[in-house]
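Inspection log for the structure reproduced underneath, given as C-alpha cells.
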Amino acid sequence: MTADIPALSAGDTLKRAVELFRQTRLDGIPVIDDAGQLTGLLTRTNLFDALLAGSTLEEPIDGFLTRRVVTVEPGAPYRQIVETVKTSPVGMGVVVDRSGAVRGVFTKVDMIMALFRESDLLSARLRAIYQAMHNGLVSVDDAGKVTMLNAAAESLLGIPEKEVLGLAFGQVFPGLDLHRVMETGCVEVGKKWEFAGRKLLVNCTPVLDNEKLAGALAIIQDLTELEQVAVELESVRTLQHTLQTVLDIAYDGIAVVDAKGKITFINQSMADFMGLEPERVIGRHITSVVENSRLHIVARTGIPETGQLQQFGGTHYVVSRLPIVEQGRVAGAVGKIIFRNPEEIKELARRLENLENRLNYYRKELQKNGSGNFYTFESIVSVSRVMKNLKREALQAARGLSTIMLRGESGTGKELFAQAVHMASPRRNGPFIKVNCAAVPEQLLESEFFGYAPGAFTGARKEGKPGRFELADGGTIFLDEIGDMSLGLQAKLLRVLQDREFDRVGGIAPVRINVRVVAATNRNLEEMVAAGEFRADLYYRLNVITLNIPPLRERPEDILPLAHCFLSKCNSFLGTGITGIDAAAAAILKSYHWPGNVRELENVVERAVNFATGEVIKANDLPMYLRRVRKTEGEQTGMKNSLRSRMSETEREILKAALEEAGGNKTKAAHILGISRSRLYEKMKKAGL
C-alpha cells in the first residue's frame with residue numbers, strides 16, 4: 001500500500017482537492033470526518049466532473065464524493081486485495097485499521113509492484129531449491145537449448161554451467177534424447193544413460209505453460225550411488241530381521257515409540273501381555289495401548305527413568321524407560337517391562353506406597369506455593385531504560401540452563417525476577433520451589449534442603465520427607481538470601497551443583513536430581529568471600545550469570561507507574577474505587593528515596609488506599625514519616641551536607657517515625673517499612689536507636 005497519504009475533510013474545497021492531487025499524484029484521496037473515520041473518496045474523475053459541471057474551486061467537495069469505497073485492513077493478503085479491486089468502481093481502495101482510521105491506499109500500481117516482488121521472490125526460491133537438490137537438474141527451453149545446470153549436475157557431468165548455456169542439448173549431452181519428451185509431452189522415467197564414464201539414471205519431464213510446451217527438465221542421479229544404497233538397505237533389512245528375532249524371544253516386554261509417542265515397534269512378549277497383535281498397535285499413541293505410560297514423556301524430555309513401578313491390570317511391574325538419541329536429538333524412547341522376581345516386585349510395591357505419600361506431600365507443597373500465580377517479564381512493571389535492559393538480559397539468560405545470581409537490595413523484586421526467569425525457561429512446566437535461607441533455622445536447613453529418610457531421627461515422619469531440591473526436580477529452585485547460609489551447608493550445596501545428587505538425612509543412597517538454581521542475595525558476597533564467611537568455590541559456581549536489580553531510588557521514573565499498578569491491585573482485593581493519585585501525593589512519592597524499595601512502595605500505597613477519604617490519594621493519606629521526610633528535605637534545601645550523611649539522617653527519621661506509628665512494636669514497624677524484622681534491627685543498630 002501507499003502509506004502516509006494526506007486526507008481531505010468534510011467541508012474542504014475543490015481547490016484544496018486540486019492542491020492535494022498535484023502533491024500526491026494519486027487517482028483518489030480519502031475523505032474523513034471530524035473523528036478521523038472514512039466517509040468517502042474523491043477521485044480525479046469526481047473532480048473533473050465537478051469542474052465540467054461548472055463548479056467553482058471554492059465549492060465544498062461534499063457533493064462530489066464516491067461513497068461506495070472499497071476498504072481492507074492492513075494485514076489483508078494479496079489475493080483478497082485482487083478480489084477487492086475487481087469490485088471497486090475506481091480501481092483503488094483505502095486501507096483502514098479496526099478503529100476505522102485511514103492508514104493508506106492501495107492502487108493498481110501498488111498491486112503490480114507487489115506482483116513483481118512476489119515473482120522475483122518465487123524465482124529466487126526456485127533457484128535456491130534447484131541448487132540445493134541432491135540430484136542433478138538440466139533445463140532446456142522449447143528450442144532444446146540449455147538454460148540451466150544446477151550444482152549437482154555440474155558435479156555429476158563435470159561441466160560448468162556457463163560453458164553450455166544456450167547450446168543445443170543433444171550437442172552437449174549426446175546419447176540422451178529430449179525431443180520425444182518435448183514432442184509427446186509425456187514423462188519418461190528410469191532411463192539409463194552413460195556419460196563421462198558414469199552410469200546415470202535419468203527422469204525426463206516436459207515443462208508446460210498453460211498446456212503449451214515451454215521446455216523440458218532432465219533429473220539425473222548417479223546409478224552407482226543408488227546401487228550402493230540398495231546394498232546398504234538390504235544389509236539394514238537383514239539386521240532388522242535379526243534384531244526382531246532377538247527381541248521376540250526376549251522374556252521382557254519391549255516397546256519403542258517415536259518422538260511424538262507413537263509406537264514404532266513392540267516385541268512378541270509385550271504383544272502377548274497386552275493380548276494384541278503387534279501390527280495392530282503400530283502407529284498408535286502409547287497412552288492408547290499402555291495404561292499410565294510415561295514413555296511419550298521420556299521421548300519428549302530425553303530424561304531416562306529406570307527401576308520405576310508401573311501398574312498394569314492391578315499388578316505392579318518394574319519398568320525402565322530410556323530415550324533414543326540420534327546426533328544429539330531425542331528421536332524417541334524405548335521401554336522395558338520386567339515380568340519376573342515376585343519378591344523384588346513386593347519390595348518395590350512398598351516403595352510405591354512411599355511414593356504415594358510423597359505425591360500427597362508434593363500436592364500440599366504446590367498448593368502452598370501458589371503455582372498458578374507466577375510473575376512473567378511482561379507483568380514486571382517498569383518504564384526506565386535500566387530496567388528494560390535488565391529484563392531483556394534476564395529473558396535471554398532464562399532461555400538457557402545456567403545458574404543465575406540475582407543481586408539487589410531488599411524489596412527490589414528479586415523473587416519476581418526469579419519467577420519470571422522460570423516462566424521464560426524450558427522448565428516452565430516444572431515446579432518452582434522457593435527456599436529462604438535466612439528464614440529456616442540453622443538446625444533444620446539440611447533436612448529442608450535435602451529431606452530425610454524414614455526414621456532418620458526422633459519425631460521424623462515414618463515415611464520420610466522429600467527436601468526442597470527433590471521437590472524442584474525437573475524445575476527451578478530459588479535460593480533466596482543465599483548469603484545467610486552456613487559454611488557447612490554451603491559445602492553440601494556445592495556438591496549438588498557439581499554432581500546433581502545429594503544424600504537425604506539418614507539416607508544410604510544418593511538421590512539424583514535435575515534442577516536449575518536461581519540464587520538471590522542483598523549482601524556483598526565478595527566481601528564475605530574475602531572474610532572467609534562464604535566459600536569461594538560456591539561463589540564462582542553460583543556467579544555464572546549475574547543480574548543486578550537497581551534500587552527504586554536509582555530509577556525514579558518507575559515510582560509512579562508502580563504506584564498506579566499497586567493502586568489497581570488494592571482496588572481489586574480491597575473492593576475500593578480509588579481512581580488516582582493527586583499531584584502533591586505524587587510529588588512526595590517521587591521525592592522519597594525508598595530504602596525499602598518496591599516492597600515499601602506497595603505497602604505505602606495499600607496503607608494510603610485504606611486511609612483515603614476521597615476518590616484520589618492525597619498527601620494526607622500517606623504515612624506520616626513520608627510527609628515528615630518531605631518537610632525536612634524542604635527545610636534543608638540549600639544545605640551542603642554530603643549525600644551519605646543526608647541519607648543516613650533521613651533513614652533515621654524514617655525509622656523513628658515508623659516506630660512511633662507502630663507504638664514501639666518492632667514487627668509492626670518492619671511491616672510498615674516493608675522489610676524483615678532482622679533487617680529492622682540492623683538499621684536501628686546502625687542509626688543508634
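Computed from a predicted model, the values in this text were never measured in an experiment. Positions are given from 1, in the same order as the sequence printed here. No hydrogens, no waters, no symmetry mates; every other heavy atom, side chains included, goes into these values.
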Test item: [X] side-chain N/O and [Y] main-chain N/O as donor-acceptor pair under 3.5 Å:
| X | Y | answer |
| --- | --- | --- |
| Asp209 | Lys212 | no |
| His422 | Tyr375 | no |
| Asp142 | Gly215 | no |
| Glu154 | Pro160 | no |
| Asn150 | Asn135 | yes |

Problem set entry | Pair listing, side-chain hydrogen bond (donor to acceptor under 3.5 Å, both in side chains) test, anchored in residues 184-193, at least two apart | Arg180-Glu188, Glu188-Lys191
Indicate yes or no: at least one non-hydrogen side-chain atom of [X] is less than 4.5 angstrom from one of [Y].
| X | Y | answer |
| --- | --- | --- |
| Val517 | Leu542 | yes |
| Arg468 | Ile477 | yes |
| Leu479 | Phe449 | yes |
| Ile513 | Val496 | yes |
| Leu176 | Phe195 | no |
| Ile303 | Val298 | no |
| Val138 | Val164 | no |
| Glu393 | Leu547 | yes |

Nearest 0.5 Å, what's the [atom1]-[atom2] distance between [X] and [Y]?
| X | Y | atom1 | atom2 | value |
| --- | --- | --- | --- | --- |
| Ile220 | Leu149 | CD1 | CG | 7.5 Å |
| Ser288 | Ile263 | OG | CD1 | 6.0 Å |
| Lys336 | Ser269 | NZ | OG | 12.0 Å |
| Phe377 | Phe417 | CZ | CZ | 6.5 Å |
| Ile282 | Ile266 | CD1 | CD1 | 6.0 Å |
| Asp222 | Lys199 | CG | NZ | 11.0 Å |

What heavy-atom pair brings [X] and [Y] nearest, and what distance separates the two atoms?
| X | Y | result |
| --- | --- | --- |
| Pro278 | Ala271 | CG-CB, 3.7 Å |
| Ala418 | Phe478 | CB-CD1, 3.5 Å |
| Ala299 | Val257 | CB-CG2, 4.1 Å |
| Val146 | Phe173 | CG2-CE1, 4.3 Å |
| Pro304 | Leu322 | CB-CD2, 3.7 Å |
| Arg516 | Ala397 | NH2-O, 2.8 Å |

For this session: Given side chain to side chain contact (heavy atoms under 4.5 Å, CB included), test Ile254 with Val334 step by step and report yes or no.
Result: CA-CA 7 Å; Ile254 297 173; Val334 57; 3.9 Å; yes
Problem set entry | Any donor-acceptor N or O pair under 3.5 Å, side chains Thr287, Ser293 | no
Problem set entry | No-hydrogen, no-angle side-chain donor-acceptor test under 3.5 Å, Asn543 and Thr546 | yes
For this session: Might you confirm whether atom NZ of Lys391 has over 12 heavy atoms from other residues, nucleotides or ligands at distances under 6.0 Å?
Result: yes
Problem set entry | Arg280 atom CZ, neighbour heavy-atom count above 12 within 6.0 Å | no
For this session: May I have the step-by-step check of side chain to side chain contact (heavy atoms under 4.5 Å, CB included) for Lys492 and Asp503, ending in yes or no?
Result: CA-CA 9 Å; Lys492 295 189 176 183; Asp503 295 322; over 6 Å; no
Problem set entry | Pair Arg427 + Asp473, salt bridge at N-O below 4.0 Å | no
Exercise. Salt bridge between Glu305 and Arg321, side-chain N to carboxylate O under 4.0 Å?
Worked result: yes
Problem set entry | side chain to side chain contact (heavy atoms under 4.5 Å, CB included) between Ile297 and Thr301, intermediate numbers included | CA-CA 6 Å; Ile297 297 176; Thr301 63; 4.2 Å; yes
For this session: Show your reasoning for whether side chain to side chain contact (heavy atoms under 4.5 Å, CB included) applies to Val181 and Thr205.
Result: CA-CA 7 Å; Val181 173; Thr205 180; 5.7 Å; no
Seminar exercise, completed: The side chain to side chain contact (heavy atoms under 4.5 Å, CB included) partner of Ile324 among Val256, Asp258, Thr264, Val330 is Val256
For this session: Give the C-alpha distance, both sets of side-chain angles, the deciding distance and a yes or no for side chain to side chain donor-acceptor pair (under 3.5 Å) between Thr306 and Ser320.
Result: CA-CA 4 Å; Thr306 59; Ser320 293; 5.4 Å; no
For this session: With sequence neighbours excluded, tell me which residues meet side-chain contact (heavy atoms from CB on, under 4.5 Å) with Leu494.
Result: Gln498, Arg535, Asp537, Leu538, Arg541
For this session: Indicate the ring-plane relationship of Phe469 and Phe502, choosing parallel, tilted or perpendicular according to the 30° and 60° boundaries.
Result: tilted
